[in-house]
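Structure first, then comments.
Nothing here was measured: the structure is a model prediction, and the numbers come from that model. What you see below is based on every heavy atom in this structure, not just the backbone, and it leaves out hydrogens, waters and symmetry mates. Residue numbers begin at 1 in each chain, while the letters A, B, ... track the order of the sequences.
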Amino acid sequence: MKTTKKYIIQLKDDSKSSLSKAAKVLSLKITSSAELSSKVRAQDVLDSGNGLFLKNLGLAIVEDYEVEKLHHLTNTSSNPIIYWEKEREFKPVTELGLLDEMKINLNNISEKIAQLKELIEASNKLNINKNLTWGLNAVGIELSNYTGKGIDIAILDTGFYKDHPDFVGRNISGKSFVPGEKWDLDGHGHGTHCTGTAAGSTSLIDNKRYGVAHEANIVIGKVLSDSGNGSTSGIIDAIDNSLEKGHKIISMSLGSSVKIGEKPSPIFEQVGRKALEKNTLIIAAAGNDSNRPNLPKPVSSPANAESIMAVAALDEALKIANFSNGGINASNGGRVDISAPGVDIFSSYSKNGSQNKLYTTMSGTSMATPHVAGIAALYWEAFPNLSAEGIWLKLEKRAKQLSDQLYRDIGQGIIQAI
Amino acid sequence: MYVYLAVLKENVILNKDVLSYFADMNFTLLAYYPKLGIIKIDSAVLLEDTVLNFISSIEQEKTIGL
C-alpha cells in the first residue's frame, strides 16, 4: 500500500481542552468536523494548512506536517497525542489488483537481487589472486588446504618433458604405449601441458602457480604419438596397466568425434565400469568439435561412456567455450558431467614440442580435463576411504552452478576445489 | 586383416576351450587386458554381423587424437 503525506492522529480524548492543547503543541489551527459545510469542505481545511478534527472518531488529520515533530511530541509526558500514523492508500481487493501489487513487489525484489548479484560479482573480482592462473582462481584453489599428496594421477597423453625445471624432485613414473617413442620426452607438448595443470606447481619464471595437485604422484602413460595420434588399444593397454597398479585417477585429454545419435563404444563402457569397480576414476575431455552458437556437436568418445566422467570447457567469463561439445546424445549416455576452465590456460610445456619452450597457453576441453583430475586428487586426499563413485558424486555435488548456462553444456557446473 | 577389440562375456577366461574356438575362427590373439576383460584380435574377415561365442561386444580398432 502506498502512503501519502497526510497523518492520522489519535488524541487522548475529544474534549475541547484536549483539542486546543493538541492545536497548541502541533502549532496548527485544528478545525472540527462540526464546522464543515458545503462551503467549507474537509480538503479546503487541509489545503489551507490546518488540521481537521473528526469529532465523532476522536481523530485528527494533518497534512504535510514535519514527521520529526510528531516523533518529538509523542515522547513528552504532557502530550495530548496517543498515536499517529501516515495515511495509507486503500484499493479495492480484486484478483487483478492483487496481481498488479504482486508484480510491483516482484519487480522490487528483482531489483534487489540484481543489486546483490552485482555486489557478489564485485566481491569475487576482489578475491582474484594474481599469483594463480585464472583457472585455479575459478576453481577456488586458494582456499584449499589439500595438495593431492600421495594420490596417483595417471595422465594418458603425448608423454611428459621430464627435464622440466618446475618438476625437479617430484615423484614421476611413466611408460610408453606408443612403439618407438619414449614417455619422458614429449615431442608434442600437449601431455606436458595437461600434466602441469593436473599436478604441476608454480612457474619458476614468474612465480605463477598453474598446477592443482602439486604433491600428487605423477604417472605418465604415453598413448599418443608426438604427432598427437593414438589407437584405442594403446589407450586400453595403458588403462589396464593403471588398474593393475591401482592408480586412483586417470586423466585423458583425448578423443574421437561421434555422430548425433551414435551410441557410446561398448569397449569404453566396459573400461569405465571395470575402472569404477576397481576404485579408479576415469576423466575424459568432452571434445572440441563445436562451433557455437551453432548447435554443439555431441560429446566425443570415450568421454561419452556412461562410466567415464566427461568434462566441458569454460572461458574466463565462466561461459561455455565456443568449441566445447555438448550433451547432444545424452539419451545414449553421452552427456557432459562437469565443466572446468579450458580457454587460455597457462601451464608447463615441452622443450621438445613444436614451440620449443617451457610454458605456453592453450585452449580446449583437453585443458579443462586435468583441472578436474587434479581436484579429484584433492578430494581423495581429503576422503581417502571413499570409492571412485563416491569421489565422482562429491565432485558433482560440490560443483558450482552457473547462471544462464545449460546442463547440456556444463553438466553439474564448474568444479570446485575442497 | 581387421583388428578388433572385444569384450569377453562375464566370467570368461582365456582357457583352452576359448583359445581353441578363436583358432577355429581364424582369429589371432594380439593382446589380453585382464583387468578390463578385453582382448585385441586380428581377423581375416569382417565380424560386425557375426555371432561369436565368449564375446559380448566387439568393435574395430580406431584412431584417437587430441
(message) Please rank A/Glu277, A/Glu269, A/Lys274 by heavy-atom pairs under 4.5 Å with chain B and give me the top one.
(response) A/Lys274
(message) Minimum heavy-atom separation for B/Val7 and A/Pro266, please, with both atom names.
(response) CG2-O, 4.0 Å
(request) Report yes if some heavy atom in the side chain of A/Lys278 is under 4.5 Å from a heavy atom in the side chain of B/Lys35; otherwise report no. (result) yes
(request) First locate atom CD1 of A/Ile267, then atom CD1 of B/Ile58, and finally report the distance between them rounded to the nearest 0.5 Å. (result) 7.5 Å
(message) I'd like to check B/Leu66 versus A/Asn288 (side-chain heavy atoms, cut-off strictly below 4.5 Å). Are they in contact?
(response) no
(request) Give, as side chain, backbone, both or neither, the part of A/Thr158 having an atom under 4.5 angstrom from any heavy atom of chain B. (result) side chain
(request) Anything in residues 186-197 of chain A with a heavy-atom distance to chain B below 4.5 Å? Please list those residues in order. (result) A/His188, A/His190
(request) Report the distance from atom OG1 of A/Thr232 to atom CD1 of B/Ile64, rounding to the nearest 0.5 Å. (result) 4.5 Å
(request) Tell me, out of B/Ile38, B/Leu30, B/Val3, who's got the most heavy-atom pairs with chain A below 4.5 Å. (result) B/Ile38
(request) May I ask you to list the residues in residues 236-254 of chain A that approach chain B closer than 4.5 angstrom, counting heavy atoms only, ordered by number? (result) A/Ile236, A/Asp237, A/Ile239, A/Asp240, A/Leu243, A/Glu244, A/Ser253, A/Leu254
(request) Report the option among A/Ser225, A/Ser300, A/Gly230 that has the most heavy-atom pairs separated by less than 4.5 Å from atoms of chain B. (result) A/Gly230
(request) State, to 0.1 Å, how close A/Gln270 and B/Gly37 come at their nearest heavy-atom pair, and which atoms those are. (result) NE2-O, 3.9 Å
(request) Drop me the distance from B/Gln60's CD to A/Ser265's OG, to the nearest 0.5 angstrom. (result) 12.5 Å
(request) To the nearest 0.5 angstrom, please state how far the CZ atom of A/Phe268 sits from the CD atom of B/Glu59. (result) 7.5 Å
(message) Can you see whether A/Ser233 engages B/Lys40 through a side-chain donor-acceptor pair at a distance of less than 3.5 angstrom?
(response) yes
(message) Between A/Gly228, A/Gly234, A/Gly255, who has the most heavy-atom pairs with chain B when the cutoff is under 4.5 Å?
(response) A/Gly255
(request) Counting only heavy atoms closer than 4.5 Å, note whether B/Leu5 contacts chain A via side chain, backbone, both or neither. (result) both
(request) Could you tell me which of B/Pro34, B/Ala31, B/Ala6 has the largest number of non-hydrogen atom pairs under 4.5 Å with chain A? (result) B/Pro34
